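Here's the structure, in structure tokens; my notes come after.
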Amino acid sequence: SSSTAKKKSTPSKTAAKKSSGSRYTVVKGDTLSSIARKKGSSVAKIKAANGLKSDLIRLGQSLKIP
């Protein structure tokens, strides 16, 4: 069992860590679609990742980018 304990880093773990580290702070003039375009994501994905019910975002808001 000690040999399995050494296998800490699995490909899925590192991939999940990388994507969850991406954050974006909303600046003046930003829209969800412009952020999605900039970050290579989609409005639907960003909304889902942040639990947004509408397309409204606030200045200074920190968004998770999936």
Side-chain angles (χ1 to χ4, degrees):
S1 65
S2 62
S3 63
T4 53
K6 281 181 184 173
K7 290 182 182 178
K8 271 183 187 167
S9 60
T10 57
S12 60
K13 223 179 224 174
T14 47
K17 207 178 206 179
K18 202 176 184 185
S19 62
S20 67
S22 184
R23 293 198 76 82
Y24 180 84
T25 304
V26 179
V27 293
K28 192 175 180 169
D30 273 344
T31 62
L32 274 178
S33 56
S34 71
I35 296 166
R37 221 175 303 126
K38 247 185 274 186
K39 296 292 176 181
S41 189
S42 74
V43 173
K45 282 180 188 170
I46 293 173
K47 282 171 71 173
N50 293 281
L52 299 175
K53 288 176 177 69
S54 75
D55 289 0
L56 279 178
I57 51 175
R58 294 180 310 278
L59 204 58
Q61 186 175 357
S62 184
L63 297 172
K64 269 186 268 177
I65 309 296

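Side chains are part of it too, since the values below use all heavy atoms of this structure and drop only hydrogens, waters and symmetry mates. No experiment lies behind these values; they were computed from the predicted model shown.
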Applied to residues 26-41, the salt bridge (charged side-chain N to carboxylate O under 4.0 Å, His left out) test, sequence neighbours excluded, yields D30-K38
Would you list the atom pairs, donor with acceptor, under 3.5 Å between side chains in residues 41-56 and any protein atom, with sequence neighbours excluded?
from, atom 1, to, atom 2, distance (Å)
S42, OG, K45, N, 3.1
K47, NZ, D55, OD1, 2.7
N50, OD1, K64, N, 2.7
N50, ND2, I46, O, 2.8
N50, ND2, K64, O, 2.9
S54, OG, L56, N, 3.2

Sequence neighbours excluded, the answer for side-chain hydrogen bond (donor to acceptor under 3.5 Å, both in side chains) partners of S62 is R23
task: Examine I35 and V27 and state if one hydrophobic cluster contains both, with Ile, Leu, Val, Met, Phe, Trp and Tyr joined whenever side-chain heavy atoms are less than 4.5 Å apart.
output: yes
